[in-house]
Each structure stands twice: as structure tokens, then as C-alpha cells.
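Reckoned from all heavy atoms, side chains included, excluding hydrogens, waters and symmetry mates. Order of the sequence lines fixes the chain letters, A, B, ..., with proteins taken first and strands second; residue numbering starts at 1 for each chain.
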There are 2 protein chains.
Amino acid sequence: MSHVLSPRPDTRFLVLDTALTLFTERGFFSTSVHDISREAGVSIGSIYHHFGDKEGVASALYEQLGARMEGLISEIRRRHTTAHDQAMELVSRLFQLTESEPRAMEFMLYAKHREFLPRQGPVCSSRPFVLMREIVSMGMERGEIRPMDTLIASASLFGGPLRMITGRLDGLVDKPLPECLDAVWACAWRAVAMAAPAP
Amino acid sequence: MSHVLSPRPDTRFLVLDTALTLFTERGFFSTSVHDISREAGVSIGSIYHHFGDKEGVASALYEQLGARMEGLISEIRRRHTTAHDQAMELVSRLFQLTESEPRAMEFMLYAKHREFLPRQGPVCSSRPFVLMREIVSMGMERGEIRPMDTLIASASLFGGPLRMITGRLDGLVDKPLPECLDAVWACAWRAVAMAAPAP
DNA sequence: GTCTATACGACGATAGAC
DNA sequence: GTCTATCGTCGTATAGAC
């Protein structure tokens, strides 16, 4: 626990925070370990001591953000019962996160991790995306969502909102995403929602 | 016109074709000019003679594929009158293209061009995506699509289908996309279509 | 754990003959 | 237009002192 008492800022945190900024601004390959070292005020030796190699930095970043994302979804699944509420809350939180931490969002779902993290599968196979599909799957069993291929339903429900996020990160969308939530969600839900029973 | 008569395969084509394969397989930064030279059977000197530098190769590839895409959309817009038909035909053709030329699709809409083509804007600002938004815009004027922000409608209509494409390129989707067309399109169109007038 | 200095390899790009 | 040979730089990673 010595690090808690130490006045020195945590090296690992410093490095990861700087790396996230540089990776998203210039990209992984256009960022040298020297750059990270200089910007973070941490020596190269320390970086290699903590992370092994450059890929290790990206890897740690990926895992950290992935775990946060997973925690977020798990929390949402505990707090809401219907697929509709769970999915809408998820989109809402992702929209908020895009505004408050655009770099984190960009690194998670916009970076081509396969290019620099060959061990990781594609993003959409990662835990968070699996959990999203589980929400959809549950919705179909509950009769909230029309019966169809789960993958198709998942893409149709979250495809629009995710596209808004990348559009926002690209500077294509001017308005803060939370202001668009109602309109975006209405379309997304309409795409997969069970038709109202004939009166 | 001497190149037409020459028995030697066109160098530019050879290089671009090889580059497309390598760029999508390993990524732009993990592909050296030496790699392209070796795989294409063309000397390094020739590559630099034709393309100036490595970025020039990627740039030429980007322009070539972008022009093809634009031509495709223009053709569709001429052959169909309603936004519904235009958009559905577009999704259908993109699905076919994903199967027949996955590398071209991947390079066009899955690569992070900003990392190696700093001059190019984001993909979604490119001509093809502008044309897609024009289809949606027209559909709204014609009363086919509910009135709403064009960007939101565009994301909602094409977000699902595009997500299926990336899912397919990632190996997440097993079935050939054209087989999913009806189900995917039904969801996509439902998301934005004007409600049927009350009987 | 943190630092500096250095080794080493790879890659982008060029020169210049044919 | 095409080729081979070469140069110079940059960046990853390590060694070893503190």
C-alpha cells in the first residue's frame, strides 16, 4: 500500500493517461515510446519496466477501458428489468460518455485494435458487445423484440446509435449527443420492437 | 497507348492490387514498401517512381475505390426513383460487394484513414456518404421518411446494415450477407419509414 | 522503481545505371 | 520506366548505474 502514501503520482496511471491521448490523437503507430515518455514525464526505462513493451501499454489501456465498459453494462442490467429500459439506458450512458470522455470512447470502438493488438479479437467479439447481444436476446424471449436472428436484431438496434457516436467523434455531428437521445432511440427501438397487437 | 500493347502487366495495377491485400491483412503501418515490392514482383524504384511515397500508394487506392463507390451510387440514383428503392438497392449492392471484394470494402469503410492519410477527412464526410445522406434527404421531402434531423435519419437507416458489414468482415457473421438482406432491410426501413396513414 | 545512454534493426527514400 | 544498391533516420528495446 506504499503507493497510497507516496506523494509521487502513480506512474502507471500517468503513462496510460498520456498514451490514451496520444494514441487517439496521432494513432498508435505514429506515437513513439519516446513521445509517451516525454509527455508523461516518465522515463523510457520505467515504461518498459511496467508494461514490457509498447504493445503492453495499449493492451493495458484496452483491458482497463474494457473492464469499465463491462462494469457499466452489468450495473445497467441489474437496475432495469426490461430489454427496452436496459438498452435505452445503455445508449444514454454511452452518449454521455462520448461527451465526457471522447478519447476513451474513440479508443474503445473506433480504433483498429487488430493492427496493434493481434492477440485481441475484434471489438465486437469482446465482452461488452456480448453483453449487448444478451440484452437483445432477452428482449426477444420476453416478447419485446420481434423474433429474428440475434445478430441482426443487435446490429439493427445499436447500429444507429453507434453510428451517431462515431459521427460525433469525427466532428460530423454538432450537437451534444444526449440532446439527440430521444430521436435516435425512437428510430432504434422502432427498428426491432414487436408490433403493437391489433386493437 | 504503348502500355496497351505491352505484354507486361500494368505496374500501377499490380502495386495497388497487392497493396490493398497487404494493407487490409496487416494494416498500413505493418506493411513496408519492401513487402509490397516483393509480393507484387515490382521493384522499389518503380513504386516510388509511380506513387512518390508510401502514402501516395494508399492515397491512390483510396481515390480509386472512392470513385468506384461514387459511380455505383450515382448509377443507383439514376435507376430508381423512390428513396426506399434507392436505399434498398444500395444496401443490396454493398452486401454483394462485401462478399465479392471484402478487401475493397474493408479498406473503404473500416480502415482508419486519418492515421495514414492526414489530408483526407473522415470517411463519413467523403462523397459516397454525402450521397447517402442526399437519398435520405430526398426521402424526407417526398414524405417516405419521417421528418427529423437528416443526420439522425441517415445513421438510423444505414447504421444497422453497415454494422452487419463490419460484423461480416470481422468473421462475426457466418452467413453471406445477401441472404440476410430482407431481414436487415426490414429493420432498417422500419426505423425511419413514415407511419402508414390511419385507415 | 526510476533513470540515462546505447545497441541494433528496420524502414522510407534516393542515386544512378540500364 | 525499371532496376539494384545504399544511405540516413527513427524507434524499439536493453544494460546497467543509482
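To the nearest angstrom, P of dT14(C) lies 16 Å from CZ of Phe51(B). If you measure from atom CZ of Arg38(B) to atom C1' of dT4(D), you get 16 Å, rounded to the nearest angstrom. Here dG1(D) presents its C1' atom at 12 Å from CG of Asp10(B), a figure rounded to the nearest Å. One can place CD1 of Ile47(B) at 17 Å from C1' of dA15(C), the figure rounded to the nearest angstrom.
Proximity note for His50(B) (side chain, C-beta onward) versus dT4(D), dG1(D), dC3(C): the nearest is dG1(D). In this structure, of dC3(D), dT2(C), dG1(D), it is dG1(D) that holds the atom nearest to the side chain of His49(B).
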Atom pairs under 3.5 Å: protein N/O with N/O of nucleotides 11-18 of chain D:
unit_1, atom_1, unit_2, atom_2, d
dT12(D), OP1, Lys54(A), NZ, 2.9
dT12(D), OP2, Val33(A), N, 2.8
dA13(D), OP2, Tyr48(A), OH, 3.3
dA13(D), OP2, Lys54(A), N, 3.1

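Note on Thr11(B): every side-chain N or O is 4.0 Å or more away from OP1 and OP2 of dG1(D). Contact between the side-chain N/O atoms of Ser46(B) and the OP1/OP2 oxygens of dC3(D) is found at a separation under 4.0 Å.
Listed by first and then second residue, the side chain to side chain donor-acceptor pair (under 3.5 Å) pairs involving residues 111-126 of chain A are Lys112(A)-Glu106(B) (not counting sequence neighbours). Among residue pairs with one or both ends in residues 121-177 of chain B, none qualify as ring pair (Phe, Tyr, Trp, His ring centres under 6.0 Å); sequence neighbours excluded.
Applying the side-chain hydrogen bond (donor to acceptor under 3.5 Å, both in side chains) rule to Ser137(A) yields no partners; only residues at least two apart in sequence or on another chain are considered. Considering only residues two or more places apart in sequence or on other chains, Glu25(B) meets the side-chain hydrogen bond (donor to acceptor under 3.5 Å, both in side chains) condition with Arg103(B). Here Pro176(B) pairs with Glu99(B), Arg168(B), Pro178(B), Glu179(B) under the side-chain contact (heavy atoms from CB on, under 4.5 Å) rule; sequence neighbours left out.
Both cation-pi conditions hold for Lys54(B) and Phe28(B): the charged atom is under 6.0 angstrom from the six-membered ring centre and inside a 45 degree cone around its axis.
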